[in-house]
Amino acid sequence: MKYLVTGGAGFIGSNLCRKLLSQGHAVSCLDDLSTGNYTNIKELKGNPNFEFFNHDLTKPFFPDKIDAIFNLACPASPVHYQYNPIRTLKMGTLAMYNVLGMAARLKIPILQASTSEIYGDPSVHPQKESYLGNVNPIGPRACYDEGKRVAEALCIAYENFNGVDIRIARIFNTYGPFMDPQDGRVVSNFIVQALKNESITVYGDGSQTRSFCFVDDLVEGLIKLMNSDYKRPVNLGNPDEYNMLEFAKIVKEKTSSDSQISFFDLPVDDPKQRCPDISLARERLSWEPKVSIDEGIDKTILWFKKCLSEK
Ligand code: UDP
């Protein structure tokens with residue numbers, strides 16, 4: 001198979017490219033390098049099964065021949081997606097027309113990387129795929145959340161009207177090697193701060209929860225979903241849930257850091273709780289995460305140590 005991975009130089013995208021290549025597939029990696037990083041895929045350059053296109057998906061793209069698309073192109077960290085909200089909304093809309101149009105023309109499957117953010121600040125816990133969400137359409141997260149919601153709507157519309165073979169993965173918080181130390185998200189912030197013995201910045205009182213999935217598990221889930229015949233949204237995440245103060249303490253202990261924990265204002269519309277119900281993925285994909293937070297965080301700490309030593 002030859003896969004197009006959009007956002008292939010990003011954190012999840014580059015891990016997916018490596019996994020697909022290791023399975024013997026060919027990969028066309030597309031990225032505009034706005035938040036993706038070329039160094040994430042540098043080592044793949046000499047591989048004859050790998051090619052890279054520096055392309056902005058808000059403009060049409062006409063690949064030679066591909067068999068399926070993983071559409072991961074979009075800034076995903078709140079700091080990055082709020083930097084230029086109009087551009088983030090274009091990734092949920094204009095880029096979707098282009099990528100779904102490509103799938104329609106070539107008559108190939110497309111997997112859309114959706115997100116737990118489509119549930120907004122959820123009033124139902126844990127979140128099942130049937131929960132319709134609680135998103136503030138005019139808040140600072142709307143550019144991402146509503147963009148991802150309209151992207152799902154576009155997938156369904158292209159399926160209904162053009163017969164496009166769609167898959168929709170609702171990805172929950174993911175962490176692991178190839179995360180950007182400057183990503184601005186909780187895992188990268190806490191580990192980098194702890195390794196530098198700087199203050200660990202907890203937002204709010206740290207009682208808000210997230211559930212963290214190691215990237216290898218997530219990538220396996222994405223591939224299983226692509227290879228399935230299930231065409232409605234599926235949650236992919238690890239139900240192991242922590243509040244952010246607990247998580248700060250875990251990171252501090254695992255890094256043997258002298259960092260203090262400091263408290264800052266909670267960002268507007270920050271979801272108070274988040275945890276996937278993964279019954280559907282278990283049932284339809286025979287998938288569930290295998291890597292514990294203990295093992296995953298150790299591997300991620302090693303990654304960030306390497307990043308810091310190379311600076
Ligand atoms: N957070 C924090 N300190 C940080 C970065 C994030 O306490 O330095 C909190 C943030 O307010 C949120 C959670 O950690 O409640 C996860 O934030 P992240 O940006 O990683 O992802 P989100 O799930 O909000 O998209």
Side-chain angles (χ1 to χ4, degrees), residues 7 10-12 35 72 74-83 85 88 91-92 113-122 125-127 133-136 139-149 169-176 178-215 218 235-252 255 257 259-276 293 296-297 300-301 303-304:
F11 159 50
I12 297 177
T35 55
L72 273 62
C74 192
S77 158
V79 181
H80 290 147
Y81 69 62
Q82 290 172 27
Y83 172 71
T88 302
M91 294 314 294
S114 189
T115 167
S116 55
E117 282 283 327
I118 69 111
Y119 301 123
D121 186 7
H125 195 72
Q127 294 80 52
N134 176 32
V135 171
N136 175 2
R141 299 174 87 99
C143 55
Y144 185 69
D145 300 9
E146 298 290 15
K148 288 288 187 179
R149 288 174 68 94
R170 289 187 180 155
I171 300 173
F172 283 65
N173 295 65
T174 304
Y175 70 101
F178 294 90
M179 260 188 132
D180 179 355
Q182 312 285 342
D183 198 35
R185 309 184 92 178
V186 71
V187 175
S188 48
N189 278 6
F190 283 8
I191 296 180
V192 170
Q193 289 160 349
L195 289 174
K196 292 179 164 175
N197 288 317
E198 291 172 355
S199 278
I200 298 182
T201 56
V202 171
Y203 301 160
D205 62 4
S207 62
Q208 71 275 29
T209 69
R210 294 293 186 273
S211 308
F212 298 109
C213 186
F214 190 65
V215 68
L218 193 268
N235 288 341
L236 294 180
N238 190 327
D240 196 14
E241 184 182 2
Y242 296 87
N243 75 44
M244 294 307 99
L245 185 55
E246 268 173 342
F247 186 61
K249 289 177 182 161
I250 293 173
V251 169
K252 188 169 145 63
T255 48
S257 171
S259 293
Q260 302 295 310
I261 294 179
S262 324
F263 295 87
F264 293 83
D265 287 347
L266 189 68
V268 175
D269 289 340
D270 198 281
K272 284 182 264 320
Q273 51 182 359
R274 182 181 290 154
C275 179
I293 194 93
I297 288 290
T300 311
I301 290 171
W303 161 254
F304 284 121

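In listed order, ligands and their atoms are each counted from 1.
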| Contact atoms of ligand 1, heavy-atom distance to Pro78 under 4.0 Å | 19 (O), 25 (O)
| request: Would you kindly specify which portion of Phe190 sits under 4.0 Å from ligand 1, judged on non-hydrogen atoms: side chain, backbone, both or neither? | output: side chain
| said: Applying a heavy-atom cut-off of 4.0 Å, say which part of Pro267 lies close to ligand 1: side chain, backbone, both or neither. | reply: side chain
| query | Without hydrogens or angle criteria, can the side chains of Ser259 and Gln193 be said to hold a donor-acceptor pair below 3.5 Å? | reply | no
| Polar contact flag for Val186 and ligand 1 (N/O pairs, less than 3.5 Å) | yes
| Verdict with supporting geometry, Asn134 and Asp121, side chain to side chain donor-acceptor pair (under 3.5 Å) | CA-CA 6 Å; Asn134 176 32; Asp121 186 7; 5.0 Å; no
| request: Output the list of atoms in ligand 1 that are nearer than 4.0 Å to some heavy atom of Glu117, sorted by atom number. | output: 25 (O)
| request: Look at the aromatic rings of Phe212 and Tyr175 and report parallel, tilted or perpendicular, splitting at 30° and 60°. | output: perpendicular
| task | Identify, by atom number and element, the atoms of ligand 1 in contact range of Asn189, meaning under 4.0 Å from any of its heavy atoms. | result | 4 (C), 5 (C), 8 (O)
| In terms of side-chain geometry, is the basic nitrogen of Glu146 or Arg149 positioned less than 4.0 Å from the acidic oxygen of its partner? | yes
| Chi angles and distances behind the side chain to side chain donor-acceptor pair (under 3.5 Å) call for Glu241, Thr209 | CA-CA 6 Å; Glu241 184 182 2; Thr209 69; 2.6 Å; yes
| query | Among protein heavy atoms, which sits nearest to atom 21 (O) of ligand 1, and what does the distance come to when rounded to 0.1 Å? | reply | Asn173 ND2, 3.6 Å
| query | Got the closest protein heavy atom to atom 25 (O) of ligand 1, with its distance? | reply | Arg141 NH2, 3.1 Å
| note | In ligand 1, the atoms that come under 4.0 Å of a heavy atom of Val202 are 7 (O)
| Electrostatic pair Arg141-Glu117, nearest N-O below 4.0 angstrom | yes
| request: Let me know which of Asn189, Ile261, Leu266 forms a side chain to side chain contact (heavy atoms under 4.5 Å, CB included) with Val202. | output: Ile261
| query | To the nearest 0.1 Å, how far is atom 11 (O) of ligand 1 from its closest protein heavy atom, and which atom is that? | reply | Asp270 OD2, 2.7 Å
| said: What verdict does the salt bridge (Lys or Arg N to Asp or Glu O under 4.0 Å) test give for Asp270 and Arg210, after you've listed the backbone C-alpha separation in whole Å, the side-chain angles of each residue and the deciding distance to 0.1 Å? | reply: CA-CA 11 Å; Asp270 198 281; Arg210 294 293 186 273; 3.1 Å; yes
| So which protein heavy atom does atom 1 (N) of ligand 1 come closest to, and at what separation? | Tyr203 CD1, 3.4 Å
| request: Give the residue, atom name and distance (to 0.1 Å) of the protein heavy atom nearest atom 16 (C) of ligand 1. | output: Arg210 NE, 3.6 Å
| task | Would you mind telling me if ligand 1 is within reach of the side chain of Gln208, the backbone, both or neither, using heavy atoms under 4.0 Å? | result | side chain
| Relative to each other, are the rings of Tyr203 and Phe264 parallel, tilted or perpendicular (30° and 60° limits)? | perpendicular
| remark: Note: Thr201, heavy atoms under 4.0 Å from ligand 1, region reported as both
